[in-house]
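Worksheet for the structure shown next.
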Amino acid sequence: MKGTELNYGNLEGVLKGLLENKVVDCLIMPRRVGNNVSYMLVRDKDKIATPESVIFAPSFGVNAANIVKGWMIAEKVGIVAKPCEIRAAIELIKLTQLNEDGVLLITVDCAGAFANEVYAANYADIGDQVDSAKIKELAGKGISIRDACAICDNRLADVGDIAIAQAGGEKAIVAGLTEKGEEALSAAGLSLEDKDLDRAAEKEKIEAEAKKNLEELPKISSEEALEEFLRDCIVCKNCRDVCPVCYCKECFFDQPLGNPAGGDLLNLAEARGAIEVPTNQLLYHLTRVYHVSTTCVACGACEDACPKDIPLTRFYPVLAKKVQEVFEYVPGKDAKEPLPFTTYEEEELEECLR
Amino acid sequence: MFALKALLNGADGVFISGCHPGECHYIKGNFYARRRIAAMRTILKQLGLDDRVKSYWISASEGVKFANTMKDITDEIKELGPNPMRDKIL
């Protein structure tokens, strides 16, 4: 791996260099808005200011990959985002919903994030970046990271084309993870040397912590529990709209069969005596969880988007992980690994059918 | 999704079948199908909904096997009793 160690202050030059040298035509990257953080699509390098104060900010609003979903354009888009967002972008490439040659994926280290409204409200306490000790300290004050982040075991910048890793103090290691990434950094004016970004011990620690947190998360283990869990669902489908890997051009649940109205609904009620309305609450979520089960990157955007505050992390990422374990597949981990539903082995899985 | 819909609509059992893997008219069709069935059933298992779903590979020339399997499945489903979903307002 080739990369270089930089002071935080020099990150601005690297990102500006990518635009200035036409390595990318635009960048999608976080920006500071008061106490909060949001994304901007930037084409003029002069609009980039002190990115080091915001790219590591532990705040999650939207999944950046959802912004570029379906963008099959020739212009090259650089995306500076957290590992879960970059992993979603990689899944979109595999799903042919994003042009691989049209993106430069730049991943930043993530220690876990707060919902953006929590982050903004507690900015004075949280600051521009956190580490696991700080997260524990804040949890003591009742300021907790999102459930999706607590159970996340992929927080290090080790996916995509370029990694921006925290190296302690005010230093960052910027390294190319792919040939494309290395070329982009060179073209942006960085001189690269051989860099070792092996953080196996740190990764092990994160995985152990994530596993413990996952075990502590309340389980939905029966159909009755699921009904109870989804009771307040208004079938607004926000969880679908913000999901970076839920991509059907025309969702079944927007069609007459999936979203029946009027006479169709009366006929259904006739057959069953009575039906829940808004309709298809259970079927919608069960179908959706199956649909995203192999590609869900467990970013938790669905939970953040739920207007009824249903803790959807307990449903989507948790169930998807079970399916991913069956296929030994970690979405977004390896850009070359085929999607589980597009490949097979001749002898496999019979035990899952019993 | 059709399997899910059948269960939620109160079907007592759902049977998913096909020719033996490797013997599909669509060449690779049932290899892919097996993956999809495995994914769906993994989810249903977590929610305790999998008991009523059965899947076996039986070819068109295995009449006896088909009849026996259907008898076994019918017995198993009878033991489970009617699907409680049928009377629910879903």
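Every heavy atom of this structure was used, including side-chain atoms; hydrogens, water molecules and symmetry mates were not. Below, chains carry the letters A, B, ... as their sequence lines are ordered, and counting in each starts from 1.
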Region of [X] in contact with chain B, defined by heavy-atom distances below 4.5 Å:
X	value
A/Val326	side chain
A/Gln281	neither
A/Ser293	side chain
A/Leu226	side chain
A/Thr342	backbone
A/Glu347	backbone

Which pair of non-hydrogen atoms, one from [X] and one from [Y], has the smallest distance, and what is that distance?
X	Y	value
B/Ala38	A/Leu353	N-CD2, 4.0 Å
B/Pro21	A/Glu350	CG-OE2, 4.0 Å
A/Ile275	B/Ile89	C-CG2, 3.5 Å

Hey, are the side chains of [X] and [Y] touching, using non-hydrogen atoms and a 4.5 Å cut-off?
X	Y	value
A/Tyr290	B/Arg36	yes
B/Ile43	A/Lys322	no
A/Glu325	B/Thr42	no
A/Leu282	B/Lys88	no
A/Leu286	B/Leu7	no

Charged N to carboxylate O below 4.0 Å: is that the case for B/Arg35 and A/Glu348? yes
What's the separation between atom CG in A/Leu319 and atom NZ in B/Lys45, rounded to the nearest 0.5 Å? 13.5 Å
Working to the nearest 0.5 Å, report the span between CG of B/Leu90 and CD of A/Glu276.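 Rounded to the nearest 0.5 Å, the CG-CD separation comes to 7.5 Å.
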Within 6.0 Å of [atom1] in [X], more than 12 heavy atoms from elsewhere:
X	atom1	answer
B/Lys78	NZ	no
B/Phe66	CZ	no
A/Glu216	CD	yes
B/Glu23	CD	yes
A/Glu351	CD	yes
A/Lys219	NZ	yes

Side chain, backbone, both or neither of [X] within contact of chain A (heavy atoms, under 4.5 Å):
X	result
B/Arg34	both
B/Leu49	side chain
B/Lys54	neither

Does the plane of the ring in B/Tyr32 sit parallel, tilted or perpendicular to the ring in A/Tyr344? Use 30° and 60° as the thresholds. perpendicular
Could you check which of A/Thr279, A/Val277, A/Thr343 has the highest count of heavy-atom pairs closer than 4.5 Å to chain B?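 Counting heavy-atom pairs under 4.5 Å, the top option is A/Thr343.
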If you count heavy-atom pairs within less than 4.5 Å of chain A, which of B/Leu8, B/Ile37, B/Asp87 leads? B/Leu8
What option among B/Pro84, B/Ala39, B/Gly48 has the most heavy-atom pairs under 4.5 Å with chain A? B/Ala39
